[in-house]
There are 2 protein chains.
Amino acid sequence: MVQPSAQPLRIPGGPVSAAPTVYDVAQRSGVSIATVSRVYRNPDSVRRETRDRVLATARELGYVPSANARGLASRSTGVLGLCFPDYADPDAEAGAEASDDDDAAMLYSDQIIRGMERAARRHGYALLIAASLNGGPASLVSKVAGRVDGFAVLARTVPTEDLEVISRRLPVVILAGPREIDHLDHIEVANADGQRELTRHLIEDHGLRRLAFVGSEESSPDVEARFRGYREACLAAGVPVPAEPDHRASLMTQTEGDRAVDVLLDRAGEPPRALVFANDQMAVGALRALERRGVRVPADMAVTGFDGIPLSRLVRPALTTVRQPTVRMGEEAVGLLAQRLADRTREPVSLMLPVTPVRRASCGCG
Amino acid sequence: MVQPSAQPLRIPGGPVSAAPTVYDVAQRSGVSIATVSRVYRNPDSVRRETRDRVLATARELGYVPSANARGLASRSTGVLGLCFPDYADPDAEAGAEASDDDDAAMLYSDQIIRGMERAARRHGYALLIAASLNGGPASLVSKVAGRVDGFAVLARTVPTEDLEVISRRLPVVILAGPREIDHLDHIEVANADGQRELTRHLIEDHGLRRLAFVGSEESSPDVEARFRGYREACLAAGVPVPAEPDHRASLMTQTEGDRAVDVLLDRAGEPPRALVFANDQMAVGALRALERRGVRVPADMAVTGFDGIPLSRLVRPALTTVRQPTVRMGEEAVGLLAQRLADRTREPVSLMLPVTPVRRASCGCG
DNA sequence: CTGAAAGCGCTAACAC
DNA sequence: GTGTTAGCGCTTTCAG
């Protein structure tokens with residue numbers, strides 16, 4: 001049987017010809033492009049017979065609807081986005097290679113991706129993820145923003161000014177960190193609460209009263225909040241309340257945690273009995289430094305971190321820390337986006353998610 | 001200062017007016033739309049002065065380029081995709097909630113996402129991820145395929161027929177499983193090698209000669225390959241070679257692993273000394289069942305799994321298994337896609353990635 | 001270096 | 001049920 005109008009069929013694997021469009025399918029199956037469109041968008045609105053014919057030719061031609069054209073015409077994509085910074089702690093990567101497997105390198109962002117992916121799936125959305133890499137005028141932003149119905153941004157990934165502009169066009173939710181723009185939806189975690197509770201535990205349950213807090217040089221709202229919680233616990237327990245962290249690391253990496261130990265223990269005066277780090281990475285580095293110096297943990301020195309990264313459980317002694325609800329953050333983010341997509345006039349929401357202290361060996365528990 | 005032509009500026013947070021387009025920016029900054037376009041695509045081709053003016057109005061208007069329109073016009077998106085089945089082992093989810101944290105629920109697909117995300121980032125692509133949920137005629141496919149420059153599919157996620165059609169239009173790489181379509185790029189893991197080595201270890205290093213293999217009812221190429229490796233090891237060691245798995249579970253879940261133990265141990269004849277499961281989930285379930293029955297692992301019974309999921313390390317005794325290079329699979333997938341995008345005429349590639357046996361307590365090691 | 005004009009492939013009213 | 005007709009917002013020659 002000879003094909004009426006040309007449109008030569010292709011041999012799979014051969015060079016690719018121009019992709020067939022609704023027009024090709026329509027012409028070949030003897031209907032209008034509108035009908036072809038309907039077959040894909042709302043199958044029931046087309047007579048069964050017609051539909052089958054269209055689907056058959058589509059298949060025959062290798063027709064794949066262009067989501068771009070679709071999005072352009074319908075102004076919606078069915079995709080949610082996530083932008084985050086290019087976290088790449090060289091220490092972490094190195095540690096992972098040496099480690100038993102890949103899990104140690106699981107990052108904060110990976111967990112959020114997991115949460116968002118699951119939630120997005122439930123809501124019928126796909127997820128577009130992009131890490132900032134710095135490019136042209138509106139690189140990351142234009143890459144994601146123009147392609148999704150709404151998206152989440154990890155704090156400080158996108159310049160506030162850009163966010164301001166974009167958020168005028170589509171729903172954006174800010175994750176972690178402070179609410180940079182007050183009319184946006186926002187999700188943060190109870191940093192202060194977590195650090196306060198952990199510190200209280202050290203002081204009251206373990207009877208430690210000489211503590212040292214290690215923060216970061218760079219001002220970070222998260223770290224500040226944690227320090228605040230630390231101070232509150234000291235205050236409540238009648239322990240001297242420091243005005244400043246005992247040490248500020250230049251980066252919150254393992255190497256810097258290691259260095260912090262040297263700084264703190266070589267300082268004049270009586271050394272602390274507990275090292276409270278603002279994140280797990282530094283605490284892990286500290287564990288190594290202490291071992292090297294022959295300081296026993298937790299017998300001679302308690303150590304705590306913050307975040308609850310997988311690595312915290314793998315090190316010996318296992319690290320006492322405060323776990324952030326990362327997966328849940330991702331889920332909540334999708335929830336907020338979905339809600340705002342449904343009602344743009346809704347009042348901006350700010351969620352504070354609870355954290356959970358995890359007591360392990362490094363503080364003397366377990 | 002009064003604005004010349006209307007285009008009212010908006011108050012952040014207020015109701016959203018129609019999004020500004022190149023036309024708005026062009027008109028307002030006194031250039032043509034072509035120039036606006038150039039400013040974003042190739043900044044150097046526009047006089048600095050003009051460019052700054054355009055960028056300024058763009059910002060003022062809250063202009064965000066539409067990636068859809070861009071993709072439509074330029075036929076490329078800068079996005080790679082990943083499709084995978086909606087793995088949702090109820091057992092795993094439940095276990096995770098009870099567990100210390102979220103890591104236990106890290107799935108195979110999550111690891112691959114990690115690998116692809118990192119690699120995509122390095123190659124300058126964003127990643128679109130979508131789990132199959134079954135929808136209209138070409139649901140998953142049309143959602144992803146029309147939106148990306150190329151994508152990876154976890155075996156059996158998309159009907160082979162659909163894949164056949166789509167792969168005529170854009171690069172596709174098949175992950176794991178058999179190469180359903182022989183002219184596509186393909187990545188698989190050395191299932192047989194891994195299982196053979198693990199089995200050899202059980203027989204030669206631990207002196208076990210009465211083993212039982214648990215596969216799946218549903219025919220799965222991965223499981224078949226693992227069983228093949230198992231048989232090869234038996235053959236090489238002079239142990240009786242079974243024609244069929246000793247048991248086939250209906251699903252490869254924890255519950256079924258539990259059931260398998262009952263079936264195997266309540267069978268007439270001498271019970272096995274080692275249980276070799278085709279995946280970790282079942283092995284974990286078996287561990288629980290054995291404990292309940294008072295069978296000591298590994299003293300009375302060795303147990304092994306396959307996959308190397310995080311949970312395998314968390315259970316007690318820790319599970320001996322074979323780790324799949326999941327993250328690397330994701331990375332390689334991006335690599336293959338990037339290469340094919342650069343040269344469509346390239347010969348199809350099939351990669352076989354090595355796996356690594358992980359000896360832990362459940363087989364008598366560690 | 002900049003502008004004009006022709007699409008890219010699809011959806012969405014609105015007729016028939 | 002199905003066809004017609006406009007765009008959606010941007011890129012891309014081709015002129016100037």
Side-chain angles (χ1 to χ4, degrees), chain A residues 7 17-55 58 61-78 136-138 142-143 145-149 169-170, chain B residues 17-54 58 61-78 136-138 142-143 145-149 169-170:
Chain A
Q7 209 34 283
S17 63
T21 72
V22 267
Y23 291 96
D24 301 317
V25 177
Q27 182 179 6
R28 187 148 180 157
S29 48
V31 299
S32 75
I33 61 167
T35 298
V36 175
S37 176
R38 289 194 188 96
V39 166
Y40 283 87
R41 213 157 21 68
N42 188 0
D44 297 327
S45 70
V46 177
R47 196 199 310 154
R48 183 192 174 79
E49 186 188 318
T50 319
R51 192 198 325 155
D52 290 345
R53 187 150 35 94
V54 170
L55 249 17
L61 253 31
Y63 168 71
V64 178
S66 154
N68 276 330
R70 206 174 243 190
L72 219 208
S74 67
R75 309 138 161 305
S76 97
T77 65
S142 65
K143 196 154 199 168
R147 237 175 249 302
V148 300
D149 291 342
R169 253 60 258 191
L170 48 78
Chain B
S17 65
T21 73
V22 267
Y23 290 96
D24 302 315
V25 177
Q27 182 181 6
R28 186 148 181 159
S29 49
V31 298
S32 74
I33 61 167
T35 298
V36 175
S37 176
R38 288 194 186 96
V39 166
Y40 282 86
R41 215 164 16 68
N42 187 2
D44 298 327
S45 70
V46 177
R47 196 199 311 153
R48 184 191 175 79
E49 185 189 319
T50 318
R51 191 198 324 157
D52 290 344
R53 186 151 36 93
V54 170
L61 254 31
Y63 168 71
V64 179
S66 153
N68 275 330
R70 206 173 242 191
L72 219 209
S74 66
R75 307 137 164 310
S76 98
T77 64
S142 65
K143 195 155 200 169
R147 239 176 249 301
V148 300
D149 290 343
R169 251 61 258 188
L170 48 77

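Lettering of chains follows the sequences in order, A, B, ..., and the numbering in each one begins at 1.
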* What's the CZ-C1' distance between B/R169 and C/dG9, to the nearest Å? -> 14 Å
* Asked: Taking atom C1' of D/dT2 as reference, at what distance in whole Å does atom CD of A/E49 sit?
  -> 13 Å
* **Along DNA chain D (nearest heavy atom to each residue), the more 5'-positioned of A/S32 and B/S74** => A/S32
* Structure fact -> Between A/R51 and A/V39 the two heavy atoms that sit nearest each other are CG-CG1, 3.8 Å
* To do: Figure out the CG/C1' separation between B/D44 and C/dC1, and round it to whole Å.
  => 13 Å
* To do: State whether B/R70 places a side-chain N or O below 4.0 Å from either non-bridging phosphate oxygen (OP1 or OP2) of D/dT11.
  => yes
* Spacing of A/R41 atom CZ relative to C/dT11 atom P, expressed in whole Å -> 5 Å
* Nucleotide C/dC10, atom P - distance to CG of B/L72 in whole Å -> 8 Å
* Asked: Looking at D/dC10, does its base get a donor-acceptor pair with the side chain of B/Y23 below 3.5 Å?
  -> yes
* Of the candidate nucleotides D/dT11, C/dG3, D/dC8, which contains the atom at the shortest distance from the side chain of A/A73? -> D/dC8
* To do: Report yes if at least one side-chain N or O of A/R75 is closer than 4.0 Å to OP1 or OP2 of D/dG9; otherwise report no.
  => yes
* To do: For A/V36, answer base if it contacts any base atom (sugar-phosphate contacts may also be present), sugar-phosphate if it contacts only those atoms, and nothing otherwise; contact means non-hydrogen atoms under 4.0 Å.
  => nothing
* Closer to the 5' end of DNA chain D via nearest nucleotide, is it A/T50 or B/Y63? -> A/T50
* To do: Check whether any side-chain nitrogen or oxygen of A/T35 sits under 4.0 Å from OP1 or OP2 of D/dT2, and answer yes or no.
  => no
* B/R169 vs A/P20 side-chain heavy atoms within contact, under 4.5 Å -> yes
* So do the side chains of A/D24 and A/T21 get within less than 4.5 Å of each other, counting heavy atoms only? -> yes
* Asked: Does any non-hydrogen side-chain atom of B/R75 lie less than 4.5 Å from one of B/D149?
  -> no
* Distance test, side-chain N/O of A/S37 to OP1/OP2 of C/dT11, below 4.0 Å -> yes
* **A/A69 side chain, from C-beta outward: closest of D/dG9, C/dG9, D/dT12** => C/dG9
* To do: Figure out the CD1/P separation between B/I33 and D/dC8, and round it to whole Å.
  => 12 Å
* Would you say A/R38 reaches D/dT2's phosphate, i.e. side-chain N/O to OP1/OP2 under 4.0 Å? -> no
* Asked: Is any side-chain heavy atom of A/L55 less than 4.5 Å from a side-chain heavy atom of A/Y63?
  -> no
* Asked: Rounded to whole angstrom units, what separation is found between the CD atom of B/Q27 and the P atom of C/dA4?
  -> 13 Å
* Nearest-Å distance, OH (A/Y40) to P (C/dC10)? -> 9 Å
